Trainee: 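My structure is below; once you've seen it, I'll send some questions.
The structure presented is a predicted model; accordingly, all values stated were derived computationally and were not measured.
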Amino acid sequence: QVQLMESGGGSVQAGGSLRLSCSASRTTYSWSCMAWFRQAPGKEREGVAFIGTGGASTYYADSVKARFTISQDNAKNTLYLQMNSLKPEDTAMYYCAADRGLISSAYGCASGGFAYWGQGTQVTVSS
């Protein structure tokens with residue numbers, strides 16, 4: 001059974017940083033796409049960062065570009081999201097997602113579906 005488990009969420013003041021981790025039960029190299037999504041209360045789920053097969057490409061939503069960095073450590077089967085210059089509007093539940101389809105580029109991943117999801121970790125940014 002595939003499992004994804006997020007950690008690293010918490011409360012931080014605006015301008016601060018957090019690093020989220022997603023531990024995968026399968027090697028991250030085996031996934032075609034991995035991503036971080038977020039959902040704030042009353043809002044639709046938003047894909048914020050995507051990484052393609054083997055970590056060869058990345059793609060970011062405009063709302064987080066230049067502030068967030070997605071990466072993966074294949075040896076540790078772990079996906080990361082480094083979040084810098086956090087803003088109150090970044091407050092949300094953050095979810096890790098993965099898929100094993102035919103798409104290999106991060107840009108393509110952003111348009112595709114994800115079969116596997118974690119339970120989420122809460123990020124709260126205060127002003």
Trainee: Compute the ring centroids of Tyr95 and Phe37, then answer whether they are less than 6.0 Å apart.
Mentor: no
Trainee: Please answer: with hydrophobic residues joined when any side-chain heavy atoms are less than 4.5 Å apart, are Tyr59 and Ile103 in the same cluster?
Mentor: no
Trainee: Judged by atom type as modelled, is there a donor-acceptor pair below 3.5 Å linking the side chain of Tyr60 to the main-chain atoms of Ile70?
Mentor: yes
Trainee: With distance as the sole test, does Asn84 use its side chain to make a donor-acceptor pair with the main-chain N or O of Ser17 at under 3.5 Å?
Mentor: no
Trainee: Nearest 0.5 Å please: distance from the CD atom of Gln72 over to the OG atom of Ser21.
Mentor: 13.0 Å
Trainee: State, yes or no, whether a side-chain contact exists between Val12 and Met83 at a heavy-atom distance under 4.5 Å.
Mentor: no
Trainee: Work out which heavy atom in Asn74 is nearest to a heavy atom in Asn77; give both atom names and the distance.
Mentor: O-OD1, 3.1 Å
Trainee: Can you name the nearest heavy-atom pair linking Pro88 to Ser127, along with the distance?
Mentor: CG-CB, 3.9 Å
Trainee: Drop me the distance from Lys76's NZ to Ser23's OG, to the nearest 0.5 angstrom.
Mentor: 11.0 Å
Trainee: Tell me if the centroids of the rings in Phe68 and Trp36 come within less than 6.0 Å of each other.
Mentor: no
Trainee: When rounded to the nearest 0.5 angstrom, what distance separates OH in Tyr116 from CD in Gln3?
Mentor: 12.0 Å
Trainee: Quick check: closest heavy atoms across Ala92 and Ala40, and the distance to 0.1 Å?
Mentor: CB-N, 3.8 Å
Trainee: Quick one: do Val125 and Leu18 end up in the same hydrophobic cluster if we chain Ile, Leu, Val, Met, Phe, Trp and Tyr together by side-chain heavy atoms under 4.5 Å apart?
Mentor: yes
Trainee: Can you tell me if Gln119 has over 12 outside heavy atoms packed within less than 6.0 Å of its CD?
Mentor: no
Trainee: Salt bridge or not between Lys87 and Asp90? Use side-chain N to carboxylate O under 4.0 Å.
Mentor: no
Trainee: Of the non-hydrogen atoms in Ser57 and Ala106, which two are nearest, and what is the gap between them?
Mentor: OG-N, 2.8 Å
Trainee: Side-chain contact, heavy-atom cut-off 4.5 Å: Cys33 with Phe50?
Mentor: no
Trainee: Which residue in the set Leu81, Thr91, Val123, Val64 passes side chain to side chain contact (heavy atoms under 4.5 Å, CB included) when paired with Arg38?
Mentor: Val64
Trainee: Hydrophobic cluster membership, with links at side-chain heavy-atom distances under 4.5 Å among I/L/V/M/F/W/Y: are Phe114 and Leu20 in one?
Mentor: no
Trainee: Say whether Met93 and Trp117 are linked into one hydrophobic cluster, either directly or through other cluster members, by side-chain heavy-atom distances under 4.5 angstrom.
Mentor: yes
Trainee: Okay, side chain of Glu6, backbone of Cys22: is any donor-acceptor separation there less than 3.5 Å?
Mentor: no
Trainee: Got a second to check how far Ile51's CD1 is from Cys109's SG, nearest 0.5 Å?
Mentor: 9.5 Å
Trainee: Any side-chain to backbone donor/acceptor pair from Thr53 onto Ser32? Under 3.5 Å, distance only.
Mentor: yes
